[in-house]
Amino acid sequence: MAITINGQEHALPDDPRVTLLDLLRGDAGLTGTKKGCDHGQCGACTVLVNGMRINSCLALAVTHDGDEVTTIEGLGSPTEPGVMQSAFLAHDGFQCGYCTPGQICSATAMLEEIKAGWPSDATEDLEGAPEITGEEIRERMSGNLCRCGAYTNIVAAIREAAGEDA
Amino acid sequence: MSVHLKQDSVDDRNVLDKTGQGVIGEPIERPEGLLKVTGTAPYAAEFKIPDCLEGVLVTAPILRGKVKSIDRDAVLSMPGVVAVLSDERMTGRAAQGMANAAPFQPAQDVEYWGQPVALVVAESFEEARDAAKHLPIEYETEEGPIDPAAVETSPAQDPTRQGDLAQAMNEAAHSVDVTITTEGHASAAMEPHAAIAQWDGSSLSVHASLQMLKFNRTELADSLGLDESKVRLLSPYVGGGFGSKLGISQEAVAASIAAMELGRPVRVVMSRQQVFQTIMRRTETQQRIRLAADADGKLTGFGHEARISNLPNEDFPEPVIQSSQFLYAGENRLLTLDMARIHRMTAGSVRAPGEAVGVQTVEQAMDMLAEKIGIDPIELRLKNLPDQHPVKGMPYSSRKLAECLQQGAEAFGWEKRPRKPRHTREGEWWIGTGVASAARIHAVVEAKARVSLQPDGTGMVESDMTDIGTGTYSILSQIAGEMLGLEPKDVLVRLGDTDFPPGSGSGGSMGASSTGSAVFLACEDLREQLARKLNVEPASMVLKDGFARWDGGQKALTELLDGDEITATGHFEPGDSTEDNLVSSFGAFFAEVAVNHWTGESRVRRMTGAFGFGRVLNRRTARSQCLGGMTWCIGNALTESLLFDPVDGHLANCDLAEYHVPVHRDVPDLQVLMLEERDGAASPIQAKGVGELGLCGGAGAIANAIYDACGARVFEYPMTPDRVLAALERV
Amino acid sequence: MRPFDYQRAERLEHASQLAADSETLPLAGGTNLIDLMKLQVETPQTLVDIGRLSMGEIAEEGEGLRIGALATNTATAAHPRVRADYPVLARAILAGATQQLRNKATTGGNLCQRTRCYYFTNIDQPCNKREPGSGCGAIDGVARLHGILGTSPQCIATYPGDMAVAMAALDATVEITGESGERSVPVRDFHRLPGDTPEKDNVLEPGEIITAVTLPAPVSGKHIYRKVRERSSYAFALCSVAAIVDMAEGRITRADLAFGGLAHKPWHDPRIAELLVDSEPSLALFDKAADLLLEGAQGYGENDFKIPLTRRTLTAVLCDATGVEA
């Protein structure tokens, strides 16, 4: 049993209670993924599993054998930041930084979801192709809480990363 | 070298305007930003320490009482469990901000539901968490009052009485007498409280998530009975504080005791539920506002009487009436603050204690008064700005309130029209606008920082000051850069370590002005040292881009330093300048709100804030602070409330699903105007606090917009759909 | 979490065999179960991971649609047929939770989602649902979220979901398999009222596993899902209304309605359709419908507001559906 994290294979834990989040922050040594609530209520632990964003705190690691996980560390590094990471930096889309990796992972997946045509609660025409509007971004990012209140800047960062005028 | 200033007089030299680098105020990116966006900035629980044990706090499910016995053996036999600690040094509450002494001990004397009483330590987190749920504890239980409305109160501070408010109300051409309530708030910082403690047999080192390390070190040492020279705290990154990490908290004390007892490092991270139930609540408030005005709309009377609560032996009184002392005129004044003693969790600082709930109520009353008089609410405010402190008579050091109201109105597109509700309807939604003033008292505290110029010509700033998201790393690099003629990127700022000189800590919007001034003082000294080397007057020397220039020459700093490092420690202390002047930040809020006529749901559609808070040290991070405060206004106005059980006083909605901090979709694009000013009484860098101002009054603008939209005056915060509907029924 | 034995089911029969043990729970998306296990509200000795069984398909079934139990909420809401023919369902799903949760949450798991009652999720408080006989903390406690319809002296909890409310309006059917074979239960009958046994949320027997939800052939009419909540996103419903309403020649020809946030189950009252169908829409008629719906409604102090709020929300939905001006 193994799991692939940012392209590297990792053993799964012996204790089935260990969540994907605790595996990442513990044995895998990837503390970029944050624990904010441990109950799927804040989004700080958001990672991509096979390209889909999930709350890693609500996923048992053992259920993910064979899966490919991408964390914030997989999206870029201080020397080579990814597009979304750079956009957050440029727009001051964070303050304390604790929700930030989750916001960035979430935003990265979100743009793909819009491209794939998935609707959201903010989509007026369910059968049409959703557009990257402020309201769409805000609704789709509502699973990522930011208590510092950087939302305005986060939306601007995402718009830039999406190639829109910020 | 150490340079000390107790600021007794106004410093209007405006030195930072005369230096040459031109980086002060510039919106530079955060130097630590890349680490944060790539997930490589380490927070308290994230330091990789070999052989680290995991501790989980056990909390008491009783209103009040004492621990009688703990059946340790019941869990010591569970897999992985190493120890059960219920040491008398454990603390059941967090320390209040700047307490500088141990919080209430022992933890085993329970004063509120959910108080930590023991710690279970195991090899893994899962083992510790499971064992903690199974620790049998017997209690001797006691009863205690939990309803703040059902107990007698006593004054929490001396009332302000001037003239005769009752008579002014009787004689007033127009008056308002309204009682408004607010419910408890939680800081809900995204990083839960966490600590990793290491003990080497004689000294203790703790990675923790704390805001004010100088005080926290003393508090921890006092809790443990250690000499504080044996305690080191490290908090280079703090995942939000908002008051909740001002004082040493239970997990740090418990982790320390465990590490000392067990001789192994111990990590304790609070669960989100524990953070909610055992850290700090903002008290609920009941506030009566009375305004008396003459026929022209000049205030003749101003009353603000507030009721708050806390545990029986906690000192902290939410200073609800703080800025009511000086915001508006009215010669007849009555301001009171009364405390109810109840057994709910500790009440303490949550972002902007006092003004965060005390300004919005006054601003609602002002809106009602403007309507009665029939004048524009901005005009009413402008008419009633006092020339000096209405009671004490001292001057305002600087006050951009009128400009904020005027320029904010223009930026927002405020229509100066007769204000009559239900003027605009879009489908099911009524649309309205509202305005409110902002005010937040300014404070500074003692702070030290060490600044050095390295032989390679770069600068370094060191202080135990923290950056809790506020931008400390940025602004200290800019102050030092400006003073020493360096680009901020060439100034390394090292924070969050008690081995560095003690700064102010982050709290009460004091950090930038206090620690920033310590850095400034150190840099002034370094400038003198450089001038001496050059044999010129410091004032005739310009430092820019790594060069010293003077009349007749220039020299690279590296050359001037000649392989040496020069260092100075700045030591700033507040003095008479903030006593002789009324020093406060001011501003104005404008909100457009939609209210659903069927359901009472209220949504903020746009919001503008205009703020004057002295010198802007970094336009990017200062703006972000304002955005954060305004976001909190939305939660304060519409969604946030702590719900306490009426039977045992426990906090029922103790998680992020049910305590409703605003989500992305609750927050529209927010507009921020920052009005530059120089306030030499506030600090030698002419800066005031901004971390909290954006939260002080804005909920009132939203409340006033709800009224303008739908005609319902809601007198209970938060203005949830049910409350808006109930108020609509009364229309 | 209590220690548990983790088993991955390779076949459905295997899963159902294992789940017949009262100490065993099936695990699918886990977004509710893992949450509750951390709180020790759920303490199974064995978890049967059914997440990799092939039950995720969404397929045509006659004129209707069969949604596999393991189809994620995301997959269902984004499915072209659901968006085109059952928009009330897509809307309801999208109004719930967050994208991260919907990416994990499954159809079957969502139907089995447990209440968000503060007393149920806090093991240091009394709760008859979690611990029969321990009492109900909510009745005299914080009852803001709680039920006004079909409550009992033992329990006033609400079913918190959105998806099932739309499915109740659509009159969908839950397909169930167990050791004793397969059976179908209308969504409207799947959840129970608390009565004296609030520990049982639904009609599933030990060992029974949901395999699919079948939607009947699409019907004409306007589909509406309206959710009233405190935040504009990511909050449970104070009340919600799922409605499929059709009109012909100035009269209502269809009025399939179900309600969320009010009861221990998605609330469906057949008398409302009987009243509305064949009538000319009017505010007076809608008021009568609300009277019927709220007959016997009981508040518990803090949630008294749900009674007028539900009346208003129902009226809003019916005005929207029929074009009656308020």
Side-chain angles (χ1 to χ4, degrees), chain A residues 1 12-21 37-66 102 105-106 109-110 113-114 116-123 125-128 130 135 138-145, chain C residues 1-8 27-39 46-47 49-52 72 74-75 77-105 121 162 223 225 227 229 231-235:
Chain A
M1 301 237 291
L12 287 167
D14 295 331
D15 187 341
R17 292 177 292 180
V18 175
T19 59
L20 177 56
L21 172 61
C37 73
D38 216 15
H39 288 273
Q41 299 165 350
C42 76
C45 69
T46 303
V47 298
L48 313 183
V49 173
N50 304 330
M52 301 265 276
R53 53 175 161 157
I54 67 161
N55 300 112
S56 61
C57 72
L58 292 181
L60 297 178
V62 288
T63 65
H64 284 285
D65 74 301
C105 284
S106 206
M110 181 201 67
E113 291 157 4
I114 292 180
W118 298 1
S120 84
D121 188 58
T123 310
D125 176 10
L126 261 190
E127 293 185 72
E135 189 67 358
R138 281 189 276 268
E139 163 57 23
R140 290 165 188 266
M141 290 298 293
S142 281
N144 292 85
L145 305 185
Chain C
M1 275 185 255
R2 289 260 183 94
F4 57 85
D5 181 30
Y6 172 79
Q7 303 219 16
R8 185 172 293 164
L27 170 72
T31 50
N32 191 213
L33 181 54
I34 304 300
D35 171 24
L36 293 174
M37 284 171 65
K38 288 181 181 188
L39 297 166
T46 304
L47 268 193
D49 183 357
I50 59 170
R52 301 205 181 192
T72 61
T74 292
H79 194 278
R81 274 288 313 271
V82 176
R83 285 153 76 174
D85 294 340
Y86 309 96
V88 67
L89 178 58
R91 290 281 179 207
I93 291 172
L94 295 171
T98 67
Q99 189 66 52
Q100 289 98 311
L101 289 166
R102 293 191 297 267
N103 283 349
K104 261 282 205 180
T121 55
D162 296 292
H223 286 226
Y225 187 75
K227 179 177 183 177
R229 45 185 166 177
R231 290 196 287 215
S232 49
S233 187
Y234 203 6

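Here is how names work: the chains are called A, B, and so on, in the same order as the sequence lines, proteins then strands, and each is numbered from 1. It should be emphasised that the depicted structure is a prediction, and the values quoted were computed from it without experimental measurement.
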Between Asp49(C), Ile93(C), Leu101(C), which has the largest tally of heavy atom pairs under 4.5 Å with chain A?
Leu101(C)

Proximal component of Phe4(C), with respect to chain A [non-hydrogen, under 4.5 Å]
both

Most heavy-atom pairs under 4.5 angstrom with chain C, which of Glu113(A), Arg140(A), Arg138(A)?
Glu113(A)

Residue Asp125(A) excluded, over 12 heavy atoms near CG under 6.0 Å
yes

Checking Arg83(C) side chain against Trp118(A) main chain: does a donor-acceptor pair fall under 3.5 Å?
no

Going by heavy atoms in the side chains, are Leu94(C) and Thr123(A) under 4.5 Å from each other?
no

Where does Pro80(C) contact chain A at under 4.5 Å (heavy atoms): side chain, backbone, both or neither?
neither

If you measure from OG1 on Thr63(A) to CD1 on Ile50(C), what distance do you get to the nearest 0.5 Å?
12.5 Å

Distance-minimising heavy-atom pair for Leu145(A) and Arg231(C)
CD2-NH1, 4.3 Å

Less than 4.5 Å to any heavy atom of chain A: does that hold for the side chain of Leu27(C), its backbone, both, or neither?
side chain

Can any side-chain N or O of Arg8(C) pair as donor or acceptor with the backbone N or O of Val62(A) at less than 3.5 Å?
yes

Between CG of Asp65(A) and CZ of Arg52(C), what distance do you get to the nearest 0.5 Å?
4.5 Å

Please report the closest heavy-atom contact between Tyr6(C) and Pro16(A), naming both atoms and the distance.
CB-CB, 3.7 Å

Leading residue by heavy atom contact count with chain A [cutoff under 4.5 Å; candidates Arg2(C), Arg91(C), Lys104(C), Lys227(C)]:
Arg91(C)

Member of Met110(A), Glu139(A), Met52(A), Arg53(A) meeting the side-chain contact (heavy atoms from CB on, under 4.5 Å) criterion with Gln99(C)
Arg53(A)

Non-hydrogen atoms of Asp35(C) and Leu58(A) that approach each other most closely
N-CD2, 3.8 Å

When rounded to the nearest 0.5 Å, the distance separating CG of Leu33(C) from CG of Leu60(A) is 8.0 Å

Can Arg102(C) and Asp121(A) be counted as an ion pair, charged N to O under 4.0 angstrom?
no

Test item: Lys38(C) side-chain N/O and Cys57(A) main-chain N/O as donor-acceptor pair under 3.5 Å
yes

Contact origin within Asp38(A) toward chain C - heavy atom pairs under 4.5 Å
both

So which part of Ala84(C) gets closer than 4.5 Å to some heavy atom of chain A, the side chain, the backbone, both or neither?
both

Ranking Thr98(C), Thr31(C), Asn103(C) by heavy-atom pairs under 4.5 Å to chain A gives rank one to Asn103(C)

Interface check, chain C: of Pro119(A), Gly40(A), Ala122(A), most non-hydrogen pairs under 4.5 Å belong to Pro119(A)

Do you know which of Ala77(C), Pro3(C), Gly96(C), Gly29(C) has the most heavy-atom pairs with chain A at a distance under 4.5 angstrom?
Pro3(C)

Assess, by modelled atom type and distance only, whether the side chains of Gln100(C) and Asn144(A) contain a donor and an acceptor separated by less than 3.5 Å.
yes

